[in-house]
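First comes the structure, then the notes that go with it.
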Amino acid sequence: MNQYDSERMAEALAAQGYALTADAAEADLVILNTCHIREKAAEKVYSELGRVRLNKERRRREGRDTLIAVAGCVAQAEGAEIMARAPAVDIVVGPQSYHRLAALVAKASTTGKGQVATEFPAEDKFAHLPARPQRKGQVSAFVTVQEGCDKFCTFCVVPYTRGAEFSRDAAEIVGEVERLAARGAREITLLGQNVNAYHGGGPDGRPWTLARLLRRLAQIPSIDRLRYTTSHPLDMDDELIALFGDEPKLMPYLHLPFQAGSDRILKAMNRKHSIADYEKVIAKVRAARPDIALSTDIIVGFPGETDRDFEATMALAARANFAQAFTFKYSARPGTPAAGLERQVPEQVKRERLYAVQSLIDEQRRAFDRATVGQCLDVLLEGSGRKPGQLYGRSPYLQAVHVEGPEGLIGRIAAVDILASSPNSLTGVIKSGFEWHEPVQAAV
Ligand code: SAM
Ligand code: SF4
């Protein structure tokens, strides 16, 4: 989501003459787009700010100005503190105020005074951001459709930093996807903290579900692949699950966090679902799409987690058999209910549990990858690989795939015979006799 937000911020600043630079040391404006989800991510901001400040001082000695902005959820959570701890910062802007960024930049550069925008403005940010430009862009693009969260898991800062749950209007999303399609996108990943709770207003005046939105987007001719992330188990309704069997453009990949394998810990996390609920959902998903690649998020060391609770997490991961997963040590976040709980788990125990669960997931991921060796998979070619003549793409299961081929194939979907799997990617050859075609351009 931060990647998507960064793109929208850059586009919003284009009217003032700003363009992206590959050389941060020479930037007139540096924006740090930050994450507050775990302590490590938040702390990185201050070390990075130290570096950027030194650069600002060097440029000032050379007679040039540099504006420094902090955006994202650290900005939202620690706005005033950032200004106090890092006086070199000119602008602090929370995620709901990006449509005001251009005005904040103009004001900071003319007045020389610090600007802070961390309230949750009543106006819809998306309606006030400039429409996405028609330049040639990525083959695979993100589109935020839902933001914020009302679920209040006891470990999580999202409801406080991104605010209440909000869904964008369906027509606005369709328009954005059509513009991305016109500039070359073939794959769209819909984003939301709880993407499957999507309930944006439809053109028919009724709220649309995520399934309805996906079906509409699947009608855009040059969009060949759809994905969405992140989903909450409680919001996986039957219509959405059935789509895995019914809609060929919906890729067979689902990221569905379970967080912890014991009902006692899930209750303390306020997840509002049980292990049985989770397993029921994944059984239904597998019935709809037997080859689905399942992914998840797991937290180890939540306060009060015993060895037995952790074994239950390992057992659930073993039964579910994931194609990949994101695993985290519990990180106490200021202002969240779990941060104040007694029986915090010692760091060493967290580290050991993380290692154990990561090893299990690693084994599962490798086994999943090995099982695709010998298959012919459709690979969306997204760009050049590191080696000359090499292309890089993604399989339907979101695996990274390397093949040899001409750059002209970037943006095409190629049939690839998978020859080998290595720890981080698959290698294959484009099937002989494979004929690629120009994607059908959407009429916009
Ligand atoms: N909304 C999604 C859900 O409910 O599953 C997750 C969104 S959250 C931005 C991404 C992941 O970060 C969570 O699934 C969780 O595993 C992890 N996370 C959130 N807060 C955390 C914390 N305090 N410590 C460790 N991991 C955390
Ligand atoms: Fe955070 Fe997800 Fe829970 Fe919402 S549902 S509070 S985003 S972990």
Side-chain angles (χ1 to χ4, degrees), residues 1-5 33-44 72-74 76-77 95 142 144-167 189-199 210 228-236 254-262 265-275 277-278 281-282 294-305 310 313 316-317 320 322 324-341 344-345 347 349-351 353-354 357-358 361:
M1 190 169 281
N2 270 10
Q3 192 178 322
Y4 173 80
D5 285 347
N33 194 7
T34 62
C35 176
H36 200 245
I37 199 84
R38 283 169 293 278
E39 191 180 358
K40 213 164 151 192
E43 270 309 312
K44 259 195 216 161
C73 290
V74 178
Q76 186 63 43
F142 292 129
T144 292
V145 301
Q146 179 278 330
E147 261 199 271
C149 182
D150 294 337
K151 293 206 163 55
F152 290 93
C153 299
T154 56
F155 53 81
C156 183
V157 288
V158 167
Y160 312 98
T161 55
R162 290 265 170 180
E165 197 180 296
F166 162 82
S167 296
T189 302
L190 303 182
L191 300 178
Q193 268 91 16
N194 262 297
V195 73
N196 56 343
Y198 175 81
H199 60 276
L210 184 65
Y228 58 87
T229 197
T230 292
S231 297
H232 191 287
L234 271 185
D235 295 314
M236 265 334 276
L254 175 65
H255 182 68
L256 195 67
F258 77 84
Q259 314 295 3
S262 106
I265 295 294
L266 285 182
K267 194 150 186 263
M269 288 177 160
N270 190 32
R271 285 292 289 180
K272 301 189 185 84
H273 62 80
S274 64
I275 296 310
D277 295 333
Y278 183 84
V281 171
I282 60 172
L294 275 183
S295 158
T296 197
D297 287 344
I298 302 170
I299 297 177
V300 300
F302 183 82
E305 184 187 73
F310 176 65
T313 295
L316 176 53
F322 293 105
Q324 81 143 307
F326 300 93
T327 51
F328 310 106
K329 283 187 288 181
Y330 168 72
S331 167
R333 307 309 295 126
T336 58
L341 291 177
Q344 296 285 328
V345 174
E347 191 54 32
V349 175
K350 283 193 215 173
R351 217 174 298 138
R353 288 179 186 168
L354 187 69
V357 75
Q358 278 180 342
I361 296 294

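We count ligands from 1, going down the list as the structure has it; atoms in each ligand are counted the same way. What you see is a predicted model; the values in this text were computed from it and never measured.
Every atom of ligand 2 is numbered from 1 in the order shown, and the set under 4.0 Å from a heavy atom of Phe155 is 8 (S). Interface of Arg38 with ligand 1, defined as ligand atoms under 4.0 Å from a residue heavy atom, comprises 12 (O), 17 (C), 18 (N), 24 (N), 25 (C), 26 (N), 27 (C). Atoms of ligand 2 lying under 4.0 Å from at least one heavy atom of Phe152, given by number and element, are 6 (S). Atoms of ligand 2 found under 4.0 Å from any heavy atom of Asn194, numbered from 1 in the order shown, are 4 (Fe), 5 (S). For ligand 2, the atoms closer than 4.0 angstrom to any heavy atom of Cys153 are 3 (Fe), 5 (S), 6 (S), 8 (S). Within ligand 2, counting atoms from 1 as listed, the ones closer than 4.0 Å to a heavy atom of His232 are 5 (S).
Atom NZ of residue Lys272 and atom CG of residue Leu234 lie 8.0 Å apart, to the nearest 0.5 angstrom. From Ile361, atom CD1 reaches atom CZ of Phe326 across 11.0 Å, with rounding to the nearest 0.5 Å. To the nearest 0.5 Å, atom CG of residue Asn2 and atom SG of residue Cys73 are 6.5 Å apart.
Under 2.8 Å from atom 4 (Fe) of ligand 2 lies no N/O/S atom of Cys156, from backbone or side chain alike.
If you look at Cys149 next to ligand 2, the close heavy atoms, those under 4.0 Å, all belong to the side chain. At a heavy-atom distance under 4.0 Å, only side-chain atoms of Pro159, from C-beta outward, approach ligand 2.
When atom types are taken as modelled, the side chain of Thr296 and the backbone of Phe258 share a donor-acceptor pair closer than 3.5 angstrom.
Residue Val158 holds the heavy atom nearest to atom 7 (S) of ligand 2 of all those in Thr154, Asp150, Val158. Across the listed options Arg271, Met269, Lys151, Arg271 owns the non-hydrogen atom lying nearest to atom 2 (Fe) of ligand 2.
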Verdict with reasoning, Tyr160 to Phe152, per ring pair (Phe, Tyr, Trp, His ring centres under 6.0 Å): CA-CA 9 Å; Tyr160 312 98; Phe152 290 93; 5.6 Å; yes
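Nearest to atom 22 (C) of ligand 1 among the protein's heavy atoms is Ser331 O, 3.6 Å.
At least one N/O-N/O distance between Gln193 and ligand 1 falls below 3.5 Å.
Salt bridge annotation for Asp5-Arg162: present, with a cationic side-chain nitrogen under 4.0 angstrom from a carboxylate oxygen. One finds a salt bridge joining Lys151 and Asp235 here, because a Lys/Arg side-chain nitrogen approaches an Asp/Glu carboxylate oxygen to under 4.0 Å. A salt bridge links Glu305 to Arg353: at least one charged side-chain nitrogen sits closer than 4.0 Å to a carboxylate oxygen.
Cation-pi contact between Arg333 and Phe155: absent, since separation from the ring centre below 6.0 Å together with deviation from the ring axis within 45° is not met.
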